[in-house]
Q: 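Just dropping this structure here.
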Amino acid sequence: MILMGPPGAGKGTQAKLLQERFDVPHISSGDLLRVAVRRKTPLGVQAKRFMDRGELVPDDVLLGTIEERLRRNDCATGFLLDGFPRTVAQADALVTMLLSMGTHIDNVTSLIVPRDELVKRLSGRRTCRECGAMYHIIFDPPNNPGICNKCNGELYQRDDDQEDTILARLDVYDSQTAPLLALYRRRGVLHEVDGVGSPDQVFERILTADRVDGR
Ligand code: ADP
Ligand code: ADP
Ligand code: ZN
């Protein structure tokens, strides 16, 4: 399964719920890149300047990392992709990778959220440094400001969740990623889901869309 949607649509939040329900690995290209940046690996060093500007990291840097992750044993019975693919070229590369592994994509779910709501969500997003849990300073605040409810880890704001970079990322989504939706619609695997409402409501819609449109 692929979860699509602009930055702030709730992909990470829904991916966690889907991961718990279906016990499949959640593969977030953004998380993989942020780990590489933190560890200062060659991938991370190259990727950082693109991420800081809200631009896409070039495919030659990223594709190998994704393929390596998909080839791990835990993906053999299914996986959930979040943030990848983001371009038509990446979608083509994914088809080739999956073909060589004898598998394919069954479901692409796209979360639809208006731009002003995306900006609000992204500018208030906070993430736990230790366990990756997600919060929002208004919509889903932690019990104690700056501290994770689950593990007492420190909450931080991502460098790219600042107004200028947020707007750049939304434009990149419209120009480079949104065209993928038509491609998946033609392939008959696309489910479009209203992403406004509580995380639980959106989760129910994702499950229902798969039952109703699924074939
Ligand atoms: P969000 O879901 O908030 O957009 P991500 O964590 O998915 O954020 O991505 C953060 C940044 O990582 C992107 O702005 C981009 O620079 C880089 N990135 C993530 N996934 C990809 C990808 N598939 N291709 C290129 N760059 C990517
Ligand atoms: P994405 O991975 O698509 O960039 P996230 O899951 O990180 O999106 O969500 C972005 C921000 O919006 C986070 O702060 C999260 O807590 C908040 N959020 C997620 N889902 C909802 C929702 N349904 N309603 C309100 N806020 C939400
Ligand atoms: Zn935590």
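Treat the numbers as computed from the prediction; the structure is a model and nothing was measured. Numbering of ligands and ligand atoms starts at 1, following listing order.
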Q: For ligand 1, which is the ligand I care about here, please tell me if Arg86 has any N or O atom under 3.5 Å from one of the ligand's N or O atoms.
A: yes
Q: Under a 4.5 Å cut-off applied to non-hydrogen side-chain atoms, are Ile166 and Gln162 in contact?
A: no
Q: Is there side-chain contact between Pro85 and Ile2, with at least one heavy-atom pair below 4.5 Å?
A: yes
Q: Any Lys/Arg nitrogen of Glu130 or Lys150 sitting under 4.0 Å from an Asp/Glu carboxylate oxygen of the other?
A: no
Q: Nearest to atom 2 (O) of ligand 2, what protein heavy atom do you find, and at what distance?
A: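 Going by distance alone, atom 2 (O) of ligand 2 is nearest to Gly12 N, 2.9 Å.
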Q: Under the criterion side-chain hydrogen bond (donor to acceptor under 3.5 Å, both in side chains), I'd like the reasoning laid out for Ser100 against Arg71: C-alpha separation, chi angles, the key distance, then a yes or no.
A: CA-CA 10 Å; Ser100 76; Arg71 284 188 180 279; 2.9 Å; yes
Q: Just to be careful: counting only protein atoms that are N, O or S, how many fall under 2.8 Å of the Zn ion (ligand 3)?
A: 4
Q: Show me which atoms of ligand 1 lie under 4.0 Å from any heavy atom of Asp160.
A: 10 (C)
Q: Looking at side-chain heavy atoms only, is the closest gap between Leu62 and Gln90 below 4.5 Å?
A: yes
Q: Taking 4.0 angstrom as the limit and counting only heavy atoms of Lys11, give me the atoms of ligand 1 inside it, by number and element.
A: 2 (O)
Q: Determine whether Pro6 and Leu170 make a side-chain contact, defined as any pair of heavy atoms from C-beta on separated by less than 4.5 Å.
A: yes
Q: Charged N to carboxylate O below 4.0 Å: is that the case for Arg115 and Asp174?
A: yes
Q: Show which atoms of ligand 1 fall inside a sub-4.0 Å distance from at least one heavy-atom site of Gln90.
A: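 Close to Gln90: 22 (C), 23 (N), 24 (N), 25 (C).
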Q: Regarding ligand 1, does Ser28 bring an N or O atom to under 3.5 Å of one of the ligand's N or O atoms?
A: no
Q: Closer than 4.0 Å to some heavy atom of Ser198 - which atoms of ligand 2 meet that?
A: 23 (N)
Q: With heavy atoms under 4.0 Å as the rule, classify the contact between Pro6 and ligand 2 as side chain, backbone, both or neither.
A: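 Only the backbone of Pro6 comes within reach of ligand 2.
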Q: Judging by distance only, is a nitrogen or oxygen of Asp31 under 3.5 angstrom from one on ligand 1?
A: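 In this structure, Asp31 places no N or O atom under 3.5 Å from an N or O of ligand 1.
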Q: Does the distance from a Lys or Arg side-chain N to an Asp or Glu carboxylate O, for Arg53 and Asp164, drop under 4.0 Å?
A: no
Q: Among Met134, Arg121, His136, Gln201, which one has a heavy atom closest to atom 21 (C) of ligand 2?
A: Arg121
Q: Any idea which atoms of ligand 1 are less than 4.0 Å away from a heavy-atom of Arg158?
A: 3 (O), 5 (P), 6 (O), 8 (O), 10 (C)
Q: I'd like to know if Gly8 contacts ligand 2, where contact means a heavy-atom distance under 4.0 Å to any ligand atom.
A: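 Gly8 counts as a contact of ligand 2 under the 4.0 Å cut-off.
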Q: Please determine if Arg69 and Asp74 form a salt bridge, counting it only when a charged side-chain N lies under 4.0 Å from a carboxylate O.
A: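 Result for this pair is yes, salt bridge flagged.
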Q: If you take all heavy atoms of Ile112 and Glu192, which pair is closest and at what distance?
A: CD1-CB, 3.8 Å
Q: What is the nearest protein non-hydrogen atom to atom 12 (O) of ligand 1, stated with its residue, atom name and distance?
A: Met51 CE, 3.5 Å
Q: Could you tell me, atom by atom, which parts of ligand 1 come under 4.0 Å of a heavy atom of Leu62?
A: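 Counting atoms of ligand 1 from 1, those under 4.0 Å from Leu62 are 21 (C), 22 (C), 23 (N), 24 (N), 25 (C).
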Q: Does Asp116, at its CG atom, have more than 12 non-hydrogen atoms belonging to other residues, nucleotides or ligands within less than 6.0 Å?
A: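 Yes - once you tally the heavy atoms of other residues, nucleotides and ligands closer than 6.0 Å, there are more than 12.
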Q: Testing the basics here: between Leu17 and Pro199, what is the closest heavy-atom pair and its distance to 0.1 Å?
A: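 Scanning both residues, the minimum pair turns out to be CD1-O, 4.0 Å.
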Q: Would Leu70 and Met4 show up in the same hydrophobic cluster when neighbours are defined by side-chain heavy atoms closer than 4.5 Å?
A: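 In one cluster: yes.
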Q: Can you tell me which residue and heavy atom of the protein come closest to atom 17 (C) of ligand 1, and the distance to 0.1 Å?
A: Leu33 CD1, 3.5 Å
Q: Please say whether Pro7 places an N or O atom under 3.5 Å from an N or O atom belonging to ligand 2.
A: no
Q: Mark up the atoms of ligand 1 that fall under 4.0 Å of a heavy atom belonging to Ser29, in ascending order.
A: 19 (C), 20 (N), 21 (C), 23 (N)
Q: Among all protein heavy atoms in this structure, tell me which lies nearest to atom 23 (N) of ligand 2, with the distance rounded to 0.1 Å.
A: Gly197 O, 2.7 Å
Q: Nearest protein heavy atom to atom 8 (O) of ligand 2, by residue and atom, and its distance?
A: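 Residue, atom and distance for the closest contact: Gly10 N, 3.1 Å.
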Q: N/O of Val57 under 3.5 Å from N/O of ligand 1, yes or no?
A: yes
Q: Hydrogens and angles aside, do Ser29 and Asp31 bring a side-chain donor and acceptor to less than 3.5 Å of each other?
A: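 Per modelled atom types, Ser29 and Asp31 side chains form no pair under 3.5 Å.
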Q: Does some side-chain heavy atom of Leu63 sit less than 4.5 Å from a side-chain heavy atom of Glu67?
A: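 SC-SC contact between Glu67 and Leu63 ruled out.
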Q: How close does the nearest protein non-hydrogen atom get to atom 14 (O) of ligand 2, and which residue and atom is it?
A: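 Sorting protein heavy atoms by distance from atom 14 (O) of ligand 2 puts Tyr135 O, 2.7 Å first.
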Q: Looking at non-hydrogen atoms alone, which of Glu55, Arg125, Arg169, Gln176 comes nearest to atom 15 (C) of ligand 1?
A: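 Of the listed residues, Glu55 has the closest heavy atom.
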Q: Could you check whether Arg169 pairs with Asp161 (Lys NZ or Arg NE/NH1/NH2 to Asp/Glu carboxylate O, under 4.0 Å)?
A: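 Yes.
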Q: For atom 6 (O) of ligand 2, what's the nearest protein heavy-atom neighbour? Residue, atom name and distance, please.
A: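 I find the closest protein heavy atom is Thr13 OG1, 2.7 Å.
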Q: Is any side-chain heavy atom of Leu94 less than 4.5 Å from a side-chain heavy atom of Ile105?
A: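 When only atoms from C-beta onward are counted, Ile105 and Leu94 do touch, with a gap below 4.5 Å.
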